Each structure stands twice: as C-alpha cells, then as structure tokens.
Number of protein chains: 2
Amino acid sequence: MTEPHQCSVDLRLKILGKVPFFGDLSPADLDKINTLFRERGFEQDEVICFAGDPAEQLFVVADGRVKLVRHTLAGKDVVLDILKAGEFFGSLTALGDDVYSETAQAQTSTCILTIGKDSFCQILDLYPPVTLKVINIMAARLRTAQEYVRQLSASPVEARIAHTLLVLCKKFGQATDVGLLIQVPLSRDDLAAMTGTTTETASRVMSQFQKDGLIETGRQWVAILDRAGLEAISEES
Amino acid sequence: MTEPHQCSVDLRLKILGKVPFFGDLSPADLDKINTLFRERGFEQDEVICFAGDPAEQLFVVADGRVKLVRHTLAGKDVVLDILKAGEFFGSLTALGDDVYSETAQAQTSTCILTIGKDSFCQILDLYPPVTLKVINIMAARLRTAQEYVRQLSASPVEARIAHTLLVLCKKFGQATDVGLLIQVPLSRDDLAAMTGTTTETASRVMSQFQKDGLIETGRQWVAILDRAGLEAISEES
DNA sequence: CGACGAATTGAACCTATTCAAAGGGTGTGG
DNA sequence: CCACACCCTTTGAATAGGTTCAATTCGTCG
C-alpha cells in the first residue's frame, strides 16, 4: 500500500520546472539539470535524512509530503515545516563541515530527487539567475521562521493553532463539499509539534474550533469552514 | 553624548572587508564597492528602518549595536537578533513588493552603511562568489531562527535565558576581571523580548542565576562567570 | 468484527503571567 | 555637590493558561 514512489521522466521534468528556482529555465536547460538529479522513493514515515548526518545532498520533493523535524533531548519533537512537490530541503551550504540541522521524514509515500552539493554549485555557477532566486526563497523562509518565533513568543495556543491551520490551508487546501480540506495527513501530535504545545491541548483546541463551527475534523484530517473566524482568533494578542 | 557616529573612509573599507560576503574580495574591488554605499549615523534608540516600510535598502552595521525587533498588536515586542559591525540587515529580496519584516533600532550610537537593492544586485552580478556566501549566511541565519523556534517550543524559561546568555557571550563576550562581560547594553526588557517571556520573569531568573554564582549582573549589563553551569541549564528538557 | 492507534475528556498540578508596590542606580539640574 | 526624578530592577501574592497523568471513546484498517 505504501510503496515507495517512482516518477516517470516526464514527471521529473515537470517537477523540476515547478521548483521555484528552476522555473525560468528553458526546457533544454531543465533537461540538462535533470541528468544531475537522482531519484529515490520513500514509504510513509520513512526518514529521508537525519539531523546530525553530514549534509551532502540537496533534496527536491517530486511527489508526496515531507515533514521537517527538530528533535529535543527530552524527545519532544518540533515540526518546522511540511513540504510539497517543488520544494527543497537539505544542504544549502556550498561548503563547510555542515550537518543536516533537521530530520526529514516522509509524511506520505514520497518521491524525492537528490543532487550532490557540488553538482548544485555547478548549476549555480552556470545559471546566475537561479542563485538570485535561491536567495529570495531563503529570505522568505527566514521571514517565515521569524514570524513563527514571534507567534511562539507572544501568542496563546489558540491563536497559534488557528494560524497554523490557515497556513496549511493556503498551502494544501482543496475545496470539497466539507470545506477546504487540508491535503496532508495531520495528527493532533503533528499539530502540537508545529505549535509548541501538547497533543492534549491541541485536541482540546480543535474540539472547541469544531464546536464553534470553524472547522470540521477527524482522525488525521482537517477541513476549514470559516477562514475569517480563524483569522480573527489568530490575531488575538 | 549619544552623537550619531561618523566613520572615516579607512574604517568603512575595513568594515566592508569584515562583512562576511565581501571578505575575499581584492582591495581594489572593495574600493569600488565602497563607492556604492552611503553612510548614516544614528543615535542610541533611534529607529533605522520600520517594519512595514517598503524595503529598498540593504544596511551594513559599521559600528555600534543594532537590535532587530518584531512588533505584535498587543505591543509585546520580540527581539530577533542583535547585530554588530560587519553584519547586515534589511532588504535581501532582489525584487518584489516587499517591505521590511522587522524594525531595526540602534541599541548604541551607531554608524550604518546603506546600499540600494539595485546596486546590491549589481554587485551580485559582478561577483558570483559573493552570491554563494550570501546563500551560506542566509542558511546559517535560517538555522539559527529554527533553533530559536525549537527552544521556544520545548524549553522552559530558565533554559532559554541561559541559552541566550551563552549566545550573546559568544558574540559579544569580552574577558574582564568580573568574568566574560557582554558588550551590549542589555536590559531585563530586552532579555525578556529575546526569550519570549516577561520582564519580571527575566528578572527573577537572572537573580537566581546570580545567587547561584553563574553570572554577575546589574543595570543593563551582564557578565558570565560559569559557562559550563549555564550550558547545563540550557540543555534542560 | 476485532484490535490497535488516534483522539477525547477530566482533574490535579505547576509554571509563568499579571498586577501592584517598593527598592536602587544614574544622570541631570539646582 | 547634593538632591531629586526617572527608569530599570526587584519582589510578593494572586491568577490563569497550559501541562501532566490517567482513563475512556472513537475510528479505521486488517
């Protein structure tokens, strides 16, 4: 059931074209770049790379969902982001004795394209506009992380969960007859790890949201009914 | 007393050479780049750029300390970082409808070098290695921000304050006869805003640390006496 | 249908916040 | 040079928001 994904060559090209920093390249260039990537499939819950391992690869999600996690000594994990097709993770440091700073785990069955950091540097050399885009994306991610910090510092749990739901909705939302369904298997545990709280508290808040008619939710799924309502809560404090 | 700083041309070149992404350039190149920068002085507490303003400049700290702050609706500020000479902030997005995501405030009297984002893009065009370095620095900052997130999510106040003191010590510490003195005017308010807590709690924790012989502290200053002790606390949880 | 993992709910507990008031160092003006 | 005022800091007591631990219910997959 959860067989590792495989992608056709066509799909690979399409995915690489969707990667933000390759978007503007010609098909010929994309084709050349494509040859530098290898492909690997991962089953659900399988770990793609471990925090602390030497960082030698850059990964691009071709299909599926990937969860970026930081571990703590006490075993309380923190989920930093959930990625979809076209997004990348792993080593972005051209050189240095670096290790992966977070663990990447397949949240669904997944297909990943990988490239060695040397090859990636070659690409940057060959296509300067790509480099600029990479900087822009890094800047955007930095801003997101800082916004995350602000929320953790200053907002109560309710607001953080509401905000997280909205972010997920924007990224993974799909209109259905039960509202905007978030296309990610999302447990209370995951949600807690994304908002810096506990499973129980996440559950309580979600129950309340459901009672208030803001969302519809069940085992590993969430649908948003009232975006404006969630926005109001997310701005509390 | 708190006159805006001015820098000599020599100092400017020295500072620009210290900026991580210009470090490897030849003196001639540095000189050329220098002409693209303007200089501005700021007094203590003066705001250099406001969060929300159109982001058109990149700033480099030439002298002094600069505090990066995010504001919340409730007026509870969050301090994201404190910068010293050679560090940069402001617009790093080459293009787009962007605004500054945080307010930058002079924590001491300060000299700042500024460059328009177009000029900065020119530099990136001319010196590809600079671009790579920028990516590396962005990656490092992203990692730092994510570590910050992890701490806020998973560690108690004591650990976060201990950790912050260690980070500041590493960056601003100077050996004196009262221990490693942190060369930044640091109020309990600032510390609270850096660790996502309140002034009162920060004060209590600092008092306890002092009682335990870990630090020596007073009005707007801190010295570290026992690094290992703080490290032990920062790893709690 | 049965069993396991996920989600819910309750109650006690605890950390950190809030509100309030008092103490101290610094720098300024008389 | 001293005194006052201001701001930073400290401390206390009450409160609240969230955690923890434990038990139960629910949903989904095999």
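Keep in mind that what you see is a predicted model, and the values were worked out from it rather than measured. Lettering of chains follows the sequences in order, A, B, ..., and the numbering in each one begins at 1.
You'll find that the side chain of B:Ser187 is closest to D:dC8, out of C:dA7, D:dC8, C:dT9. The listed nucleotides are C:dT8, D:dC8, D:dG18; the one nearest the side chain of A:Pro156 is D:dG18.
Computed from coordinates, the A:Arg188 CZ to D:dT19 C1' distance equals 18 Å when rounded to whole Å. The separation between A:Gln210 atom CD and C:dT9 atom C1' is 15 Å, rounded to whole Å. Between A:Glu158 atom CD and D:dA16 atom P the separation is 16 Å, expressed in whole Å. Counting to the nearest Å, the P atom of D:dT25 and the CD atom of A:Glu200 are 18 Å from each other. Taking atom CD1 of residue B:Ile161 and atom C1' of nucleotide C:dT17, one finds them 14 Å apart after rounding to whole Å. Across the protein-nucleic acid pair, B:Leu191 atom CG and D:dT10 atom P stand 11 Å apart, rounded to whole Å. Computed from coordinates, the B:Lys76 NZ to C:dA16 P distance equals 12 Å when rounded to whole Å. The CD-P distance, from A:Gln220 to D:dT28, rounds to 10 Å in whole Å.
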> Going through the checks in order, is the side-chain hydrogen bond (donor to acceptor under 3.5 Å, both in side chains) test met by A:Gln107 and A:Asp190?
Replying inline: CA-CA 10 Å; A:Gln107 195 157 24; A:Asp190 290 326; 3.1 Å; yes
>> salt bridge (Lys or Arg N to Asp or Glu O under 4.0 Å) for B:Lys14 and B:Asp63? Distances and angles first, verdict last.
In response: CA-CA 11 Å; B:Lys14 203 176 132 201; B:Asp63 194 24; over 6 Å; no
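Using modelled atom types, one finds no donor on one side chain facing an acceptor on the other under 3.5 Å when comparing A:Ser155 with A:His163. Counting only N and O atoms by type, the side chains of B:Thr217 and B:Arg188 include a donor and acceptor under 3.5 Å apart.
Exactly one of A:Asp81, A:Leu83, A:Val60, A:Leu80 qualifies for a side chain to side chain contact (heavy atoms under 4.5 Å, CB included) with A:Phe89. That residue is A:Leu83.
The nearest heavy atom of DNA chain D to A:Val157 and to A:Trp221 marks one nucleotide each, and the one closer to the 5' end goes with A:Val157. Residue whose closest nucleotide on DNA chain C sits further toward the 5' end, between B:Thr198 and A:Asp189: A:Asp189. Two residues, A:Ser203 and A:Arg219, neighbour DNA chain C, and the one matched to the more 5' nucleotide by heavy-atom proximity is A:Arg219. Nucleotides of DNA chain D nearest to A:Gly196 and A:Gly218 differ in position, and the one nearer the 5' end is that of A:Gly196.
Checked by distance alone, A:Arg204 brings no side-chain donor or acceptor within 3.5 Å of a matching partner on the base of D:dG17.
Using a 4.0 Å heavy-atom criterion, one finds that B:Thr201 contacts the bases of the nucleic acid, with or without backbone contacts as well. Residue contacts for A:Thr199: at a heavy-atom cut-off of 4.0 Å it reaches no nucleic acid atom on any strand shown.
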